[in-house]
Amino acid sequence: MATCYRHPGRETNVACSNCERPICPDCMTPTPVGMRCPECSRQTTNVRRMPRDSAATLARRAPATMTLIAINAAAFVVEVASGGPGSSIFTVGGTFVGKGVLYGPALANGDWWRLVTSGFLHAGLLHIAFNMYALYFLGLLVEPAIGTVRFVALYFVSLLAGSAGVILLTPNSPSLGASGAIFGLMSAAYLIARHRRIDHLAQQILGLGVINLLITFGVPRISIGAHLGGLLGGGIAAAVVTYGQRRFRSLAMQLAAMAVLGVIAVAIALAAA
């Protein structure tokens, strides 16, 4: 049995977690990274601040994410500028919103574009701020992991699946917002992290998802259909990219499979309208 390097007459099975020298109980100093000897416990770790990513760096890492945020922001500016009486940055209305919001009877009359445009409109400043922060966070996780083209396809599959969920559950209630697509990205981020065995990240995303689902069911005027539809659509699209790689090895086949998912979502929405 090893003996303490400072007290040669004392046997011990414990070693310093830093220098790995054997230490006895009198020489042990508990630290967050294990027991350390007196010398190592007095050492400090140099901390260096990492530089923040510039806008150009972010655009290179996740160009589609930054573009989608810019499109949503531009649409919100147009909403505010064209709002009717009583509209403000906190409560947006007007003709522009009315032409793009998702509404079952309007969809039944042939306004199919609402399935997409509703995902780029928001009801107010807090609504778009929350959604764009979530898109920024999830986009920086998902887009570099699967590539820009797959990311864009997954985003729109999630958006269309969320629109289908709205028409299935609440067709007569106007709905707008990017949350359906964002829930799809959340589902995708979880599955990708699990597939790549990044368990700590998967657990964090799962916790975030559970919290958001509790908010979905607990807070009035939140579209349950959009969130559940996006969650399901994004999860299936992510499965095509990750777990289905053996069958859909090429990018073209993966995109074709996600295109089929989008067509199915549109068909369900139109049939239910």
Single-linkage hydrophobic cluster, 4.5 Å side-chain cutoff, [X] and [Y] together:
X	Y	result
Val166	Tyr103	no
Tyr133	Ile128	no
Ile167	Val263	no
Val116	Val266	yes
Val260	Val149	no

Donor-acceptor check, side chain of [X] to backbone of [Y], threshold 3.5 angstrom: yes or no?
X	Y	value
Thr29	Cys37	no
Trp113	Lys99	yes
Asp111	Leu107	no
Ser179	Ile182	no
Gln254	Arg150	no
Ser187	Leu231	yes

Residue pair [X] / [Y], side-chain heavy-atom distance below 4.5 Å:
X	Y	answer
Arg6	Cys24	no
Met132	Asn72	yes
Met28	Arg36	no

**Asked** So with a 6.0 Å cut-off around OH of Tyr5, is the heavy-atom count from everything else above 12?
**Response**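 More than 12 within 6.0 Å, yes.
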**Asked** Under 6.0 Å from the CZ atom of Arg194, do we count more than 12 heavy atoms belonging to anything else shown?
**Response**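 Not buried by this count: 12 neighbours or fewer within 6.0 Å.
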**Message:** Just to verify, which of Val142, Leu208, Leu185 counts as forming a side chain to side chain contact (heavy atoms under 4.5 Å, CB included) with Phe137?
**Reply:**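 Among the candidates, only Leu208 passes.
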When rounded to the nearest 0.5 angstrom, what distance separates [atom1] in [X] from [atom2] in [Y]?
X	Y	atom1	atom2	result
Leu169	Ser223	CG	OG	7.5 Å
Ser175	Ile222	OG	CD1	11.0 Å
Thr65	Tyr155	OG1	OH	9.0 Å
His127	Phe76	NE2	CZ	10.0 Å
Leu154	Leu159	CG	CG	11.5 Å
Ile215	Phe130	CD1	CZ	6.0 Å

**Ring centres under 6.0 angstrom apart (Phe183, His227)** =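 Yes, the ring of Phe183 comes within the 6.0 Å limit of the ring of His227, centre to centre.
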Could you report the tightest heavy-atom contact between [X] and [Y], atom names first, then the distance?
X	Y	answer
Leu228	Leu213	CD2-CD2, 4.1 Å
Met258	Val157	O-CG2, 3.2 Å
Ser118	Ser163	OG-OG, 4.0 Å
Pro38	Cys27	CD-O, 3.3 Å
Ala273	Gly104	CB-O, 3.9 Å
Val97	Leu121	O-CD1, 4.0 Å

**N-O pairing of Glu39 and Arg21 below 4.0 Å** =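 Salt bridge: yes.
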**Request:** Could you check Ile205 against Met186 for side-chain contact (heavy atoms from CB on, under 4.5 Å), going step by step and ending with a plain yes or no?
**Result:** CA-CA 7 Å; Ile205 296 171; Met186 193 182 308; 4.0 Å; yes
**Verdict with reasoning, His200 to Ile198, per side-chain contact (heavy atoms from CB on, under 4.5 Å)** = CA-CA 6 Å; His200 65 283; Ile198 313 175; 3.4 Å; yes
